[in-house]
Amino acid sequence: MASNPANLWVLLGLGLAGIFLFTKKFKKVLREDFGAFIHKLQLLPPPQPAPPKAPHPLTGLTFAVSDLYVPSLPFDIEGYVTGFGHPDWAKTHEAASRTSVVVSTLVEGGATCVGKTVIDELAYSITGENKHYGTPTNPVEPARVPGGSSSGAAVAVAANLADFSLGVDTVGGVRVPAGFCGIIGFRPSYGAISKIGVLPVSASLDTVGWFAKDPNILRRVGHVLLQSAFGGQRSPRQIIMADDCFQSLKFPVDRITQVVVKSTEKHFGRQLLKHEILDVYLNSKVPSLKEFHNKKTNGEVKTSSIRLLANVMQLLHRYEFRSNHEEWINTVKPILEPNFSAQMNETMELSDAEIELCKSIREEMRSAINSLLKDDGILVVPTTAYLPPKLGGKEILSEEYQSSSFGLLSIASLSGCCQVTVPLGYYNKCPVSVSLIARHGSDRFLLDTVQTMYKTLQEQAETYVNSKSSNTDSRENSAEMAKEKGNQAFKEQQWQKAISYYNEAIKLNDKNATYYSNRAAAYLELGSFQHAEADCSNAINLDKKNVKAYLRRGTAREMLGYYKDAIEEFVVEHLRSSGEIVAKTSRKRRERKRELDYLPILEYNVSMLMSKILRRLVVAFNQRVNKRRPFCIVPIKETTCARCPSETTRCYEMLAARSSRSFQIKLDFQLFLAFFHLMSSVPSLNANTAGKFYPLINSMDVKAANASSDQARFCLVGSLDAMRVREKIVLAMNTMMQKRVWLLLKLVVWV
């Protein structure tokens with residue numbers, strides 16, 4: 001009998017252990033999908049077309065959709081109701097009665113839909129938390145929020161549960177979770193993709209976005225949704241770093257900037273990199289922001305343009321959300337998150353004038369960003385200022401967090417431009433990312449850029465993390481800061497101050513060609529041509545591709561009177577800038593399987609080269625005659641020339657033009673003698689003599705300046721066909737010089 005109580009305790013212990021293990025296992029089963037899905041389903045694509053037709057572009061890919069997309073009715077999912085992140089919404093709404101165009105397009109494109117994913121409550125927040133369905137677990141850092149509003153969609157891709165997924169980005173609903181989960185997130189241009197069948201959050205800000213881990217998949221999905229054909233990729237011609245935006249980061253700035261800078265240099269060269277103080281730019285380009293600021297604060301408190309944009313975006317977001325859903329909230333009275341409920345209960349009265357002001361800001365923003373980026377520019381900004389906050393933390397509700405985060409997110413949301421979030425590894429075990437923005441309508445260009453740069457960005461991010469040369473990095477960062485201060489002083493035309501900053505940068509890092517080239521530009525402004533030439537030579541020794549250094553050294557040598565050397569610098573500069581055109585021409589000819597004819601390409605290159613040289617020389621000449629009318633070229637009335645009796649010659653005189661007061665201009669003919677010397681090597685265009693070279697100038701006689709005129713005589717020689725071309729050059733020179741305009745591209749007459 002004494003052993004019975006002991007046996008009971010043993011049995012009770014085993015039972016409790018079993019219950020504990022079962023509960024733990026049950027919880028594990030429930031969280032196998034990281035809490036990303038609300039419903040698992042399967043929408044299969046149509047059968048593949050018969051050969052020789054191409055297969056569907058998304059064949060073999062799976063995707064998930066956020067719980068605010070209406071499922072596609074042709075697939076007959078009977079009685080399904082979109083939940084909108086709240087169980088009361090599903091209870092009070094009927095089954096779907098319309099088709100989601102986006103879901104249909106993807107399924108018809110060959111992809112398989114595998115389920116509906118969790119979103120924030122009514123898709124309103126950017127935290128990713130949902131107390132009704134459970135917050136999806138961030139696969140990268142489980143103790144941190146996944147970001148929202150499309151939290152489940154991001155988690156599904158980050159956990160490899162789907163190849164890509166759909167979300168909705170209003171004020172960051174795709175960009176934020178992509179950044180917090182370490183994947184790629186794309187927000188397209190406003191209006192680029194149909195929103196039919198997607199529950200509205202804020203009509204003027206909503207866009208359909210998508211997530212992927214692979215940039216190639218991201219691009220494939222983009223081409224299907226944007227309905228754009230595959231073609232050749234375009235490369236950016238300027239990558240602009242928004243320096244003031246990076247200063248708001250709550251972790252080391254160079255963790256992102258250095259990765260982007262080095263990746264850009266590796267792919268496109270240092271010359272593409274530019275820097276902009278976005279706050280100053282927007283303050284001048286978006287005048288309605290001042291009016292908005294004055295109405296809200298009476299102009300008493302100075303606020304940055306970025307933070308004002310955050311206020312405008314939040315105001316529009318809340319106003320349009322309430323216009324769409326306030327009636328349902330007041331009627332059903334659902335249980336809402338305390339912070340969300342407090343915002344909904346606030347009295348909010350906006351006049352028509354205030355609404356129109358917000359719309360004006362939105363239009364001015366789009367115009368400003370489009371003007372900054374043009375067709376081939378990329379703006380680089382942080383995705384968010386903070387690392388992913390901890391689950392349940394109060395940091396995400398602070399005014400500083402909201403203002404900093406929404407300020408960065410408002411740039412694309414208000415301008416309607418496309419933006420992509422790209423992961424850049426980790427900092428303190430948390431994902432970090434950067435965002436690239438292109439002008440409205442340049443979605444395909446941005447997708448191409450991401451695919452081009454993605455691998456290098458990841459490599460540079462890994463290199464940065466593994467680098468042990470922290471002291472060197474610190475010196476480089478300090479040098480970069482000094483350079484930026486020098487650039488700002490240069491913009492303000494404080495040349496000496498700029499030089500002092502560049503001196504500091506060179507002391508910290510004397511292996512950077514840009515520092516020398518920039519200091520040379522400041523020396524040129526001060527007239528220190530010898531110093532400028534020396535700095536440019538140093539820059540060229542460090543970086544043979546630094547085109548600006550060649551141009552600035554050519555200018556310095558020109559002003560020092562070394563005209564022949566100056567011409568050589570302009571030649572090198574043009575050959576480097578035009579080499580890409582010639583290479584593309586060669587590639588096209590090879591692709592067409594045509595024999596590569598060297599001479600036409602040579603003549604094309606020479607013609608472009610002569611145009612560039614003429615432009616430089618004429619501008620320099622005009623400066624030397626102190627803004628007076630330059631010379632003109634006129635035919636000599638003599639039928640023949642004593643020195644060139646051949647009938648196939650034409651004689652011309654170079655005469656100084658006089659003003660109405662008959663002011664004598666003393667011409668410096670040496671500049672043009674150097675040009676004509678170079679012209680003597682231009683190839684003939686006569687088909688019968690192709691490949692042979694005939695001099696353009698047979699002889700030239702420069703008379704000394706006297707009371708009557710300053711003049712030079714020269715003769716054109718060669719075949720009649722070649723002569724006609726050269727006469728066109730002379731006439732074009734004459735016209736251009738009389739009108740004092742840069743029209744020398746018209747000299748490309750032998751392409």
Side-chain angles (χ1 to χ4, degrees), residues 172 175 186-192 205 207 234-248 253 256-257 260-261 263-264 267-290 292-293 303-310 312-313 358-383 385 406-422 434-450 452-453 483-484 487-488 490-492 548:
R175 292 164 287 170
F186 192 86
R187 173 196 165 96
S189 300
Y190 179 78
L205 303 174
T207 57
R234 284 195 298 144
S235 297
R237 293 191 177 181
Q238 56 174 344
I239 294 181
I240 303 172
M241 306 288 291
D243 291 338
D244 52 330
C245 293
F246 284 101
Q247 297 307 314
S248 66
V253 174
I256 293 179
T257 56
V260 176
V261 167
S263 298
T264 302
H267 267 294
F268 311 113
R270 184 181 292 269
Q271 303 304 319
L272 263 69
L273 279 170
K274 296 183 179 180
H275 295 266
E276 188 69 56
I277 306 299
L278 201 59
D279 177 55
V280 176
Y281 177 80
L282 294 178
N283 194 45
S284 63
K285 297 294 184 179
V286 189
S288 296
L289 272 178
K290 294 180 181 179
F292 177 84
H293 178 243
T303 308
S304 71
S305 301
I306 305 294
R307 299 216 168 189
L308 286 175
L309 289 174
V312 173
M313 183 182 71
C358 290
K359 290 181 180 179
S360 297
I361 292 173
R362 195 168 56 206
E363 293 300 318
E364 291 171 5
M365 266 295 293
R366 179 175 299 182
S367 177
I369 299 298
N370 286 351
S371 176
L372 175 66
L373 300 180
K374 301 182 174 58
D375 291 330
D376 49 15
I378 296 290
L379 178 65
V380 183
V381 298
T383 305
F406 284 128
L408 295 170
L409 295 167
S410 66
I411 298 169
S413 289
L414 285 178
S415 67
C417 295
C418 49
Q419 177 174 338
V420 63
T421 296
V422 181
V434 70
S435 279
L436 311 179
I437 299 175
R439 65 172 292 159
H440 182 270
S442 294
D443 303 71
R444 177 177 166 181
F445 164 64
L446 186 57
L447 289 168
D448 290 346
T449 302
V450 173
T452 301
M453 296 187 66
K483 184 202 75 172
E484 294 306 322
N487 291 349
Q488 188 61 36
F490 189 94
K491 290 180 181 178
E492 296 170 358
K548 289 184 179 179

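Legend: residues meeting side-chain contact (heavy atoms from CB on, under 4.5 Å) with Ser410, ordered by chain and number and at least two apart, are Leu309, Met313, Leu414. Every residue two or more places apart in sequence or in another chain was checked for a ring-ring contact (aromatic ring centres under 6.0 Å, His included) with Phe445, and none qualifies.
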- Message: Set out, in order, the CA-CA distance, both residues' side-chain angles and the distance that settles side-chain contact (heavy atoms from CB on, under 4.5 Å) for Leu372 and Leu278, then state yes or no.
- Response: CA-CA 10 Å; Leu372 175 66; Leu278 201 59; 4.1 Å; yes
- Message: Test side chain to side chain donor-acceptor pair (under 3.5 Å) on Glu492 and Gln488; report intermediate values, then the result.
- Response: CA-CA 6 Å; Glu492 296 170 358; Gln488 188 61 36; 3.3 Å; yes
- Between Leu408 and Thr383, is a side-chain contact (heavy atoms from CB on, under 4.5 Å) present by the stated rule, with each step listed? CA-CA 7 Å; Leu408 295 170; Thr383 305; over 6 Å; no
- Message: Please evaluate residues Leu289 and Met365 with respect to the criterion side-chain contact (heavy atoms from CB on, under 4.5 Å), reporting the C-alpha separation (whole Å), side-chain torsions for both, the decisive distance (0.1 Å), and the verdict.
- Response: CA-CA 10 Å; Leu289 272 178; Met365 266 295 293; 5.8 Å; no
- Take Lys483 and His275, measure what side-chain contact (heavy atoms from CB on, under 4.5 Å) needs, and give me the verdict at the end. CA-CA 11 Å; Lys483 184 202 75 172; His275 295 266; 3.8 Å; yes
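Expressed to the nearest 0.5 Å, how far CZ of Arg362 lies from CG of Leu205 amounts to 6.5 Å. How far OG of Ser415 is from CD1 of Ile437: 6.5 Å, rounded to the nearest 0.5 Å. Annotation: the span from Leu436 atom CG to Ile240 atom CD1 amounts to 12.0 Å, rounded to 0.5 Å. Remark: Gln271 CD to Leu273 CG distance equals 9.0 Å, nearest 0.5 Å. Note: Asp443 CG to Phe186 CZ = 4.5 Å, rounded to the nearest 0.5 Å. Interatomic distance, Lys374 NZ to Arg237 CZ, rounded to the nearest 0.5 Å: 12.5 Å.
Checking side-chain atoms of Asn370 against main-chain N and O of His440 turns up a donor-acceptor pair under 3.5 Å. Not a single donor-acceptor pair under 3.5 Å links the side chain of Glu276 to the backbone N or O of Tyr281. Side-chain atoms of Ser189 come within 3.5 Å of backbone atoms of Gly441 as a donor-acceptor pair (strictly under, hydrogens ignored). Between the side chain of Ser248 and the backbone N or O of Cys245 there is at least one donor-acceptor pair closer than 3.5 Å.
Annotation for Pro236 and Thr449: closest pair CD-OG1, 4.0 Å, computed over non-hydrogen atoms. Considering every non-hydrogen atom in both Ile306 and Asp279, the closest pair reads N-OD1, 3.9 Å. Heavy atoms only, all atoms of each residue included: Glu364 and Ser288 are closest at OE2-OG, 2.7 Å. Arg366 and Gly416 get closest at one heavy-atom pair: NH2-CA, 4.0 Å. Val260 and Met241 make their closest contact through CG1-SD, 3.9 Å (heavy atoms, listed as atom of the first residue, atom of the second, distance). Closest non-hydrogen pair, Phe268 versus Thr452, comes out as CZ-CG2, 4.2 Å.
Each of Asn283, Leu308, Val312 was compared with His293 under the side-chain contact (heavy atoms from CB on, under 4.5 Å) criterion, and only Leu308 meets it.
Looking at Arg175 and Ser413, their side chains do bring a donor and an acceptor atom within 3.5 Å of each other.
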